[in-house]
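The next block holds one structure in the form of structure tokens; read it before the comments.
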Protein chains: 2
Amino acid sequence: MKKLPSPHRPRSIAPIPYVEGVDYDVMDELVGYSLRRAQVAMYLAFHEATRGLGITPPRFTALVLVGANPGITQSLLGEALGMARSNAKTLADWMETAGLAERRARVDDGRAWGLHLTPRGARLVERMKKRVLAEDRRRSARLGAADRAKLLALLRKLAG
Amino acid sequence: MKKLPSPHRPRSIAPIPYVEGVDYDVMDELVGYSLRRAQVAMYLAFHEATRGLGITPPRFTALVLVGANPGITQSLLGEALGMARSNAKTLADWMETAGLAERRARVDDGRAWGLHLTPRGARLVERMKKRVLAEDRRRSARLGAADRAKLLALLRKLAG
DNA sequence: GGCCGATTGTAATGGCCTATAACAATCACC
DNA sequence: GGTGATTGTTATAGGCCATTACAATCGGCC
């Protein structure tokens with residue numbers, strides 16, 4: 001089994017602390033900053049679920065999207081991820097190098113590649129989806145089920 | 001008046017779209033991913049409020065913290081920002097180069113610098129705080145005041 | 001059928017964010 | 001006074017993301 005590219009230390013491993021004696025001024029009134037803090041905290045869940053796999057959040061999202069949309073184009077993947085085509089290519093290169101996905105020529109369009117998970121990629125994605133979801137629930141369990149749902153609704157409204 | 005370092009294009013300017021026909025699979029059940037989407041959306045507020053100033057979220061936070069904690073140490077700043085000392089130094093270098101803050105020797109500790117806003121930095125921070133807060137409120141106004149407060153509470157609980 | 005604008009992938013470039021490791025100067029404490 | 005911890009610094013590295021420019025291809029229109 002081919003080894004995945006090295007993990008690298010993807011992001012900070014600890015939540016952003018509230019340092020004793022430091023005045024945070026206006027920061028805590030900002031939804032944007034509060035989102036950032038919460039996101040760093042939730043990243044711990046992601047990190048826990050994917051440790052040692054060399055997976056990062058964008059890579060995970062890309063793999064999930066390729067899995068759920070076989071044959072998806074790099075351009076469309078980039079659009080769905082909210083990034084430029086050129087960066088979606090970088091992700092596709094990574095997926096291919098890691099042996100998790102492959103590019104197949106499309107009969108309907110000579111310009112575009114269709115991205116498909118390899119069997120190994122599909123297995124990995126299935127396993128990761130379960131683990132990431134489980135850790136995400138575990139970390140957010142402190143809110144309680146009702147508030148967790150409420151939070152998701154509020155975030156959706158904010159992002160929409 | 002010295003010119004600030006060039007803006008650079010800090011981050012995506014548009015929210016992450018839900019692309020028609022793309023299956024997002026498990027992503028929307030994840031609090032982590034929903035946070036990411038909301039954060040990108042709220043970044044628009046930040047971008048609007050600081051356009052053309054070469055300010056990024058970490059830079060803004062650093063400036064606010066230095067303003068609210070005059071004489072703060074680089075190490076402490078880094079800790080409060082949740083980043084390594086070495087990166088706090090990079091921020092301090094930037095602030096100094098931009099003429100927004102200065103390092104002063106500390107009588108109580110020969111190793112450490114004390115960071116202080118310059119008069120110009122203080123003026124800029126005051127103006128930015130007002131604008132960032134206003135835009136943040138404006139963007140999150142779609143939630144309504146009650147739900148905005150609820151969201152902040154949930155995020156705090158999640159991050160804590 | 002042929003031209004032209006739009007789209008796709010690619011390549012090159014550059015900036016920011018963030019982490020680690022190693023080092024010298026200084027501090028704190030025994 | 002010596003030893004371990006802390007501070008700032010420097011070097012290094014990787015990921016994320018945007019822009020620009022280019023060739024190949026597609027699509028539509030004349």
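Letters go in sequence order (proteins before strands), and every chain restarts at 1. Side chains are part of it too, since the values below use all heavy atoms of this structure and drop only hydrogens, waters and symmetry mates.
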Check your understanding: Does C/dC16 have OP1 or OP2 sitting under 4.0 Å from an N or O in the side chain of B/W94?
Key -> no
Practice item. Answer yes or no for A/R106 and A/W113: cation-pi contact, defined as NZ/CZ to six-membered ring centre under 6.0 Å and angle to ring axis within 45°. Key: no
Review point. To the nearest Å, how far apart are A/I72 CD1 and C/dT7 P?
Key: 17 Å
**Study point:** B/L91 CG - D/dG8 C1' separation (whole Å)
**Key:** 14 Å
Study note, to complete from the structure: With the side chain defined as heavy atoms from C-beta on, B/D109 is closest, among C/dC27, D/dT10, D/dA21, to C/dC27
**Study point:** Touch class at under 4.0 angstrom, heavy-atom based, for B/S86 against every strand present
**Key:** base
**Study point:** Residue pairs passing the side-chain hydrogen bond (donor to acceptor under 3.5 Å, both in side chains) test where at least one lies in residues 138-149 of chain B, sequence neighbours excluded
**Key:** A/K150-B/D147, B/E135-B/R138, B/D136-B/R148, B/S140-B/R148
Exercise for review: Classify the nucleic acid contact of B/R106 as base, sugar-phosphate or nothing, counting any heavy atom under 4.0 Å across all strands shown.
Suggested key: nothing
Practice item. Output yes when a side-chain donor or acceptor of A/T118 lies under 3.5 Å from a complementary backbone atom of A/G121, and no otherwise. Key: yes
Check your understanding: Closest to the B/N87 side chain: C/dT18, D/dT25, D/dA18?
Key -> C/dT18
Practice item. Test A/F46 against B/L30 for side chain to side chain contact (heavy atoms under 4.5 Å, CB included), laying out the working first. Key: CA-CA 10 Å; A/F46 181 84; B/L30 295 170; over 6 Å; no
Check your understanding: Over how many whole Å does the gap from A/D108 atom CG to C/dT7 atom P extend?
Key -> 16 Å
Exercise for review: Specify the separation, in whole Å, of atom CG of A/L76 and atom C1' of C/dG9.
Suggested key: 14 Å
**Study point:** Spacing between A/Q39 atom CD and C/dC17 atom C1', to the nearest angstrom
**Key:** 13 Å
Exercise for review: Using only heavy-atom distances, decide whether a donor-acceptor pair under 3.5 angstrom links the side-chain of B/R111 to the base of D/dG8.
Suggested key: no
Check your understanding: Hey, does the side chain of B/Q74 come within less than 4.0 Å of D/dT6's phosphate (OP1/OP2), counting only N and O?
Key -> no
Review point. Can you check whether A/T90 has a side-chain N or O nearer than 4.0 Å to OP1 or OP2 of D/dC17?
Key: no
Revision key, fill the gap. Walking DNA chain D from its 5' end, the first of A/R85 and A/P58 to be reached, judged by nearest nucleotide, is A/P58
Point to revise | Among C/dC16, C/dT8, D/dG8, the one nearest A/S75 by side-chain distance | key: C/dT8
Check your understanding: CG of B/D93 versus C1' of D/dA11: gap in Å, rounded?
Key -> 14 Å
Practice item. Return the value, rounded to whole Å, for the distance between atom CE of A/M83 and atom P of D/dT19. Key: 13 Å
Check your understanding: Rounding to a whole Å, what distance do you find between A/K89:NZ and D/dT20:P?
Key -> 20 Å
Check your understanding: So, A/D28 versus A/Y18: side-chain donor-acceptor pair below 3.5 Å or not?
Key -> yes
Check your understanding: Counting any heavy atom closer than 4.0 Å, what does B/A84 reach on the DNA or RNA strands: base, sugar-phosphate only, or nothing?
Key -> base
